[in-house]
Amino acid sequence: MSSRVADLFGVKYPLIQAGMIWCSGWRLAASVSNAGGLGIIGSGSMYPDVLRDQVRMCKVATDRPFGVNLPMLYPDIEAHIATLIAEKVPIAFTSAGNPTQWTAQLQSHGIKVVHVVSSVKFALKAEAAGVDAVVAEGFEAGGHNGREETTTMVLVPMVCDALRIPVIAAGGISDGRSMLAAMALGADGVQMGSRFVCSEESSAHINFKQRVAQAGEGETILTLKEITPVRVIRNGFYQQVQKAYGEHASTEQLKAVLGRARAKRGMFEGDLEEGELEIGQVSGRVNEILPAARIVADIMNEYEELRTSLCRK
Ligand code: NDP
């Protein structure tokens, strides 16, 4: 399937699996890439030696292109950048930071750079910084999120109208139906996270995968804007955050409630009450844990069938 995004990355489908802390290691990334999409290792939860090993294992498991997501507020970001360069990772998805900082250096080593944005303002800054493409991620998305609460439906056409470089839509997309809608809004490709948390190859704890598969409408919420806005499942930890808000907690007090390694506790260790469970609104539409290759094939089949039937209408 030809599209600017598939051509940019050298993959069959313009379907990207999001890099997610604790959920997307080499197994998931390689499986998605082998199925014709673009798999991404989420490096935000990996110590530098862990990322290096993950990249090496991914290279053994697939000869197709894959990427690494780099949250720029990661404490050892320079070590991660050095790993990408040394290991010749072909694609970097940068997020949560300023794209002017690393784009030119990564590109000078032949690495394609995509930056994740949640507003037109930052999309324009990313384009000016020389990135190869942007991910326009709407309010529906899981994990770290924008402050403005702009939905995918509104954000994607705005970003597409403002930019010349390829735009990848994210937030609320989980199947062929939502992929086709994003492409109709002008996107050149899509990125999905929550759908791939519920894959057999995801490194998330089975408790978390099952919780996501059971989640219904309205079970997630965007919170902790004072620290970093994040979309989570409303569980015991979220109730603690709500209690702190009710007591007019300061940012420092909110940080104390969050503590350290909450995301690991929830998503990797499977503590569904005390852990932070980062997931998108679309978890309400994800009901099954499936092999990643089957997820990719189902999405692309549904996408093609719907596109054909819409053309006939
Ligand atoms: P915390 O400060 O609460 O905990 C740090 C966690 O990261 C620990 O579990 C730790 O593992 C692990 N870790 C990996 N490498 C390092 C390192 N070099 N220094 C310290 N800790 C490390 O952070 P969070 O869990 O909230 O976030 C972790 C990272 O993930 C951040 O860089 C953040 O930017 C990123 N992130 C990205 C998101 C996205 O949407 N892309 C969403 C949320 C977070 P251990 O417990 O084994 O020590």
Side-chain angles (χ1 to χ4, degrees), residues 1-20 24 28-42 58-59 61-69 84 88-95 103 106-107 110-117 123 126-127 130-138 152 155-157 159-161 163-193 195-196 199 201 292-308 310-311:
M1 176 182 166
S2 182
S3 87
R4 290 203 294 171
V5 160
D7 296 347
L8 176 66
F9 300 138
V11 296
K12 190 169 174 194
Y13 306 127
L15 169 52
I16 296 141
Q17 161 253 312
M20 302 166 284
S24 58
L28 178 57
S31 301
V32 172
S33 288
N34 283 335
L38 181 71
I40 299 190
I41 296 173
C58 199
K59 287 198 284 196
T62 184
D63 54 8
R64 308 263 180 99
F66 68 94
V68 171
N69 170 240
L84 263 68
K88 301 191 190 319
V89 172
I91 301 153
F93 275 50
T94 55
S95 57
T103 299
L106 288 163
Q107 288 172 332
I111 300 172
K112 302 230 162 55
V113 180
V114 181
H115 192 66
V116 183
V117 299
E127 187 176 57
V131 302
D132 296 284
V134 295
V135 174
E137 186 181 75
T152 302
L155 179 69
V156 170
V159 173
C160 291
D161 287 349
L163 267 56
R164 290 181 304 278
I165 57 175
V167 176
I168 298 158
I173 306 168
S174 67
D175 54 9
R177 227 181 343 160
S178 41
M179 177 173 175
L180 185 60
M183 302 297 259
L185 293 175
D188 299 283
V190 293
Q191 177 174 278
M192 303 183 192
R195 176 56 277 194
F196 287 105
S199 64
E201 295 86 346
R294 164 89 188 276
I295 294 172
V296 172
D298 285 356
I299 292 167
M300 294 314 303
N301 286 338
E302 187 185 38
Y303 174 86
E304 283 303 340
E305 274 171 27
L306 277 173
R307 199 170 64 89
T308 310
L310 273 180
C311 289

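Fair warning: this is a prediction, and the values are worked out from it, not measured in the lab.
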Trainee: Looking only at atom types and distance, does a side-chain atom of His115 sit under 3.5 Å from a main-chain N or O of Val134, one as donor and one as acceptor?
Mentor: no

Trainee: How many angstroms lie between atom CE of Met183 and atom OH of Tyr303, to the nearest 0.5 angstrom?
Mentor: 4.0 Å

Trainee: Can you name the closest pair of heavy atoms from Gly138 and Thr152 and give their distance?
Mentor: CA-OG1, 3.4 Å

Trainee: First locate atom CD1 of Ile40, then atom CD1 of Ile91, and finally report the distance between them rounded to the nearest 0.5 Å.
Mentor: 7.5 Å

Trainee: Give, for atom CE of Met192 and atom CD1 of Ile173, the distance between the pair rounded to the nearest 0.5 Å.
Mentor: 6.5 Å

Trainee: Could you note down all residue pairs passing side-chain hydrogen bond (donor to acceptor under 3.5 Å, both in side chains) where residues 8-18 supplies at least one of them, sequence neighbours left out?
Mentor: none

Trainee: What are the two closest non-hydrogen atoms of Val117 and Ala126, and how far apart are they?
Mentor: CG1-CB, 4.3 Å

Trainee: Once side-chain contact (heavy atoms from CB on, under 4.5 Å) is applied, do any residues pair with Asp7, and if so which ones, sequence neighbours excluded?
Mentor: Ser2

Trainee: Can you name the nearest heavy-atom pair linking Ala187 to Cys160, along with the distance?
Mentor: N-SG, 3.8 Å

Trainee: Just by distance, do the side chain of Asp132 and the backbone of Val114 share a donor-acceptor pair under 3.5 Å?
Mentor: no

Trainee: Kindly give the heavy-atom pair with the smallest separation between Ala292 and Leu28, and that separation in Å.
Mentor: CB-CD1, 3.9 Å

Trainee: Which atom pair, heavy atoms only, marks the closest approach of Ala182 to Val190?
Mentor: CB-CG1, 3.7 Å

Trainee: From Leu106 CG over to Thr94 OG1, what is the distance, rounded to the nearest 0.5 angstrom?
Mentor: 8.0 Å

Trainee: Verify, without hydrogens or angle tests, whether Glu137 (side chain) and Val116 (backbone) share a donor-acceptor contact under 3.5 angstrom.
Mentor: no

Trainee: In chain order, what residues pass the side-chain hydrogen bond (donor to acceptor under 3.5 Å, both in side chains) check against Asn34, with sequence neighbours excluded?
Mentor: Thr62

Trainee: Does Ile41 form a side chain to side chain contact (heavy atoms under 4.5 Å, CB included) with Val89? I'd like the steps, not just the answer.
Mentor: CA-CA 11 Å; Ile41 296 173; Val89 172; over 6 Å; no

Trainee: Looking at Gly42, is its backbone amide N or carbonyl O close enough to the side chain of Ser24 to form a donor-acceptor pair, meaning the two atoms are under 3.5 Å apart?
Mentor: yes

Trainee: With rounding to the nearest 0.5 angstrom, report the CG to CZ distance, Leu8 to Arg4.
Mentor: 9.5 Å

Trainee: Between Ser174 (side chain) and Arg195 (backbone), is there a donor-acceptor pair under 3.5 Å?
Mentor: no

Trainee: Hey, could you give me the CD1/CG distance between Ile168 and Leu15, rounded to the nearest 0.5 Å?
Mentor: 11.0 Å

Trainee: Just by modelled atom types, is the Val131 backbone N or O under 3.5 Å from a matching donor or acceptor in the Thr103 side chain?
Mentor: no

Trainee: Looking at residues at least two apart in the chain, or sitting in another chain, which of them share a side-chain contact (heavy atoms from CB on, under 4.5 Å) with Lys59?
Mentor: Val55, Phe66, Glu87

Trainee: Please check this pair: side chain of Gln107 against backbone of Gly130, looking for a donor-acceptor N/O pair closer than 3.5 Å.
Mentor: yes

Trainee: Specify the closest pair of heavy atoms between Gly172 and Ser178, including all atoms of both residues, with the distance to one decimal.
Mentor: O-CB, 3.9 Å

Trainee: Only counting residues at least two apart or in another chain, list the ones meeting side-chain contact (heavy atoms from CB on, under 4.5 Å) with Glu302.
Mentor: Asp175, Arg177, Leu306

Trainee: How far apart are the C-alpha atoms of Asn69 and Ser95, what are their side-chain angles, what is the distance that settles it, and do they pass the side chain to side chain contact (heavy atoms under 4.5 Å, CB included) test?
Mentor: CA-CA 7 Å; Asn69 170 240; Ser95 57; 3.4 Å; yes

Trainee: Residues two or more places apart in sequence or in another chain: which of them pass side-chain contact (heavy atoms from CB on, under 4.5 Å) with Ala181?
Mentor: none

